[in-house]
Amino acid sequence: MAAARVGYSAMLERFAPSDVVALAVAAEAAGFDGVMADDHFQPWTPQQGQAGFVWNVMTAMAERTRGSVGVGATCPSFRWHPAVVAQAAATLEQLYPGRHWLGIGSGEAISEHVVGGYWPEAPQRIARMFEAVEIIQKLFSGRDVRHDGRFFTLERTRLWTMPDAPPPVYIATSGPITARRAGASCDGMITVASTPDKVAALFGRFDEGARTAGKDPSTLAKIVQVHLSWAPDPAEAAAQALREWPNGAMRFSKADIRSPYDFDQIARMVRVEDFEGRVTISEDLDVHRKEIQRYLDVGATHIYLHDAGPDQRTWIDVFGREVLPKLTA
């Protein structure tokens with residue numbers, strides 16, 4: 001059996017940029033395959049306390065590691081014009097050829113509404129996202145392009161700095177319609193672990209979309225971000241999930257909440273049982289291994305792990321030694 005591709009999920013909401021870079025280096029040394037970083041202007045809760053600029057941090061991580069570095073995901077629709085995201089991604093790929101991938105999402109108000117303006121409902125956010133992807137892909141052609149669309153305009157221009165080949169574009173989604181559309185238009189998809197059955201269904205819709213566009217689904221990326229909480233003491237494993245990652249237990253769309261302080265108020269109602277089916281909480285390493293393996297078994301091509309614990313170094317070392325070697329693709 002082939003070794004599984006399991007990377008490190010660098011949480012810029014929880015750790016200072018210098019710490020995140022050091023942790024990415026430690027993760028690679030421990031056997032993790034690549035790094036995924038989110039683009040946030042604010043943390044989910046005040047307790048998390050950080051929100052470093054993802055493009056700076058990814059550059060620093062890429063300079064100090066050898067594996068892939070991706071943003072999972074950025075929203076090229078509100079804080080960013082798609083052309084700026086295309087330029088940033090092309091530059092990073094030119095610096096580190098073959099190592100960058102670009103994850104695109106429809107955005108959450110907590111990070112995107114900071115610039116003000118109208119915050120649309122989900123269908124319009126998704127429509128904006130796919131139009132933004134169209135612009136990015138046009139610019140990735142390296143040719144002069146223009147765009148006059150429903151949401152965005154682009155004067156005739158090109159990316160003057162281009163890599164030999166553009167980075168792949170992945171869509172972050174938890175919905176079947178968006179997954180199918182991602183399969184038709186992009187190079188892969190990203191989703192957050194919920195249950196293996198739900199993820200398998202999303203993969204199936206993604207594959208359908210790929211086939212309608214004449215693509216082979218087996219050549220495309222299917223990424224799952226897995227949130228977990230491990231500690232040698234089961235009580236601490238539960239306590240740190242509540243303290244550090246309460247947003248992981250919230251079973252409703254969080255896209256419209258605008259303030260970490262509003263999240264903090266909601267987080268006070270979260271109980272350990274709310275994490276069931278969303279975040280694996282256990283002191284047993286084999287429990288975590290089995291849960292991660294289930295997503296590999298339904299077709300994930302790459303898993304990125306995030307542990308809710310504050311002691312990331314110990315977690316990285318323990319999982320690198322005891323869990324990662326036992327996972328199979």
Side-chain angles (χ1 to χ4, degrees), residues 8-17 19-20 23 36-52 54 72-73 75 105-114 119 122 172-175 190-195 198-199 224-284 287-288 291-292 295 303-316 318-319:
Y8 178 63
S9 199
M11 308 307 289
L12 274 65
E13 313 97 306
R14 297 184 54 211
F15 303 101
D19 294 333
V20 167
L23 290 169
M36 177 169 74
D38 283 346
D39 178 12
H40 284 277
F41 197 87
Q42 302 189 92
W44 296 104
T45 67
Q47 165 72 24
Q48 291 168 357
Q50 295 286 336
V54 71
C75 174
S106 58
E108 292 113 355
I110 195 166
S111 286
E112 306 308 323
H113 195 266
V114 296
W119 182 247
T173 182
S174 59
I190 308 166
T191 195
V192 175
S194 50
T195 68
K198 290 179 181 178
V199 169
V224 180
Q225 184 185 42
V226 175
H227 298 285
L228 59 94
S229 185
W230 171 83
D233 175 47
E236 177 55 26
Q240 67 191 18
L242 286 168
R243 184 176 64 246
E244 306 281 349
W245 198 248
N247 46 299
M250 298 176 187
R251 297 175 180 271
F252 51 86
S253 172
K254 300 178 279 292
D256 296 324
I257 302 174
R258 302 182 184 187
S259 167
Y261 297 98
D262 292 340
F263 263 106
D264 193 46
Q265 293 299 313
I266 299 170
R268 297 182 185 189
M269 297 183 287
V270 171
R271 300 293 180 265
V272 173
E273 53 268 25
D274 297 328
F275 289 99
E276 182 68 31
R278 301 179 69 83
V279 178
T280 301
I281 299 174
S282 179
E283 80 287 1
D284 189 335
V287 168
H288 290 288
E291 185 65 16
I292 297 164
Y295 293 101
I303 302 279
Y304 288 90
L305 302 181
H306 162 232
D307 176 60
D311 185 358
Q312 293 285 288
R313 293 279 186 157
T314 298
W315 172 75
I316 286 170
V318 170
F319 268 59

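One is the number of the first residue; the rest follow in order along the sequence.
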At their closest point, which heavy atom of [X] faces which heavy atom of [Y], and how far apart are they?
| X | Y | value |
| --- | --- | --- |
| Trp315 | Tyr8 | CZ3-CE1, 3.6 Å |
| Pro17 | Gln50 | CD-OE1, 4.1 Å |
| Ile190 | Met36 | CG2-SD, 4.5 Å |
| Val20 | Leu12 | CG1-CD1, 3.9 Å |
| Asp264 | Pro46 | CB-CD, 3.8 Å |
| Ser111 | Asp39 | OG-O, 4.4 Å |

Evaluate the side-chain proximity of [Y] to [X]: yes if any heavy-atom separation is below 4.5 Å, no if none is.
| X | Y | value |
| --- | --- | --- |
| Met11 | Trp44 | no |
| Trp245 | Glu13 | yes |
| Ile257 | Phe252 | yes |

Once rounded to the nearest 0.5 Å, what's the spacing between atom CG of Leu305 and atom CG of Leu228? 6.0 Å
Distance in Å, Ser259 OG paired with Gln42 CD, rounded so as to fall on 0.5 Å steps: 6.5 Å
Got a sec, which residues hit side chain to side chain donor-acceptor pair (under 3.5 Å) with [X], two or more places apart in sequence or on another chain?
| X | value |
| --- | --- |
| Ser9 | Gln225 |
| Asp307 | none |
| Thr314 | Asp311 |
| Asn247 | Gln48 |

List the residues meeting salt bridge (charged side-chain N to carboxylate O under 4.0 Å, His left out) with Glu244, not counting sequence neighbours, and say none if there are none. Arg14
Asp19: salt bridge (charged side-chain N to carboxylate O under 4.0 Å, His left out) partners, not counting sequence neighbours: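 For Asp19 there are no salt bridge (charged side-chain N to carboxylate O under 4.0 Å, His left out) partners, ignoring immediate neighbours.
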[X]: what forms a side-chain contact (heavy atoms from CB on, under 4.5 Å) with it, not counting sequence neighbours?
| X | value |
| --- | --- |
| Thr173 | Ile171, Thr178, Ala179, Met189 |
| Ala73 | Ala172 |
| Leu242 | Val270, Val272, Phe275 |
| Ser174 | Thr191 |

Show the numbers, then the answer: is there a side-chain contact (heavy atoms from CB on, under 4.5 Å) between Arg251 and Glu276? CA-CA 10 Å; Arg251 297 175 180 271; Glu276 182 68 31; 4.0 Å; yes
Does CD belonging to Gln265 count more than 12 external heavy atoms closer than 6.0 Å?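 Above 12, so yes.
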Pairwise salt bridge (Lys or Arg N to Asp or Glu O under 4.0 Å) hits with a residue in residues 252-263, at least two apart: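 Found Arg125-Asp256.
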Name the atoms and distances for all side-chain donor-acceptor pairs under 3.5 Å in residues 231-241, with sequence neighbours left out.
unit_1: Asp233; atom_1: OD2; unit_2: Glu236; atom_2: N; d: 3.2
unit_1: Glu236; atom_1: OE2; unit_2: Arg243; atom_2: NH2; d: 3.0
unit_1: Gln240; atom_1: NE2; unit_2: Ser229; atom_2: OG; d: 3.1
unit_1: Gln240; atom_1: NE2; unit_2: Trp230; atom_2: O; d: 2.8

If only atom types and distance count, is the side chain of His288 paired as donor or acceptor with the main-chain N or O of Ser282 below 3.5 Å?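 Yes, the answer is positive, given that a donor and an acceptor are paired below the 3.5 Å cut-off.
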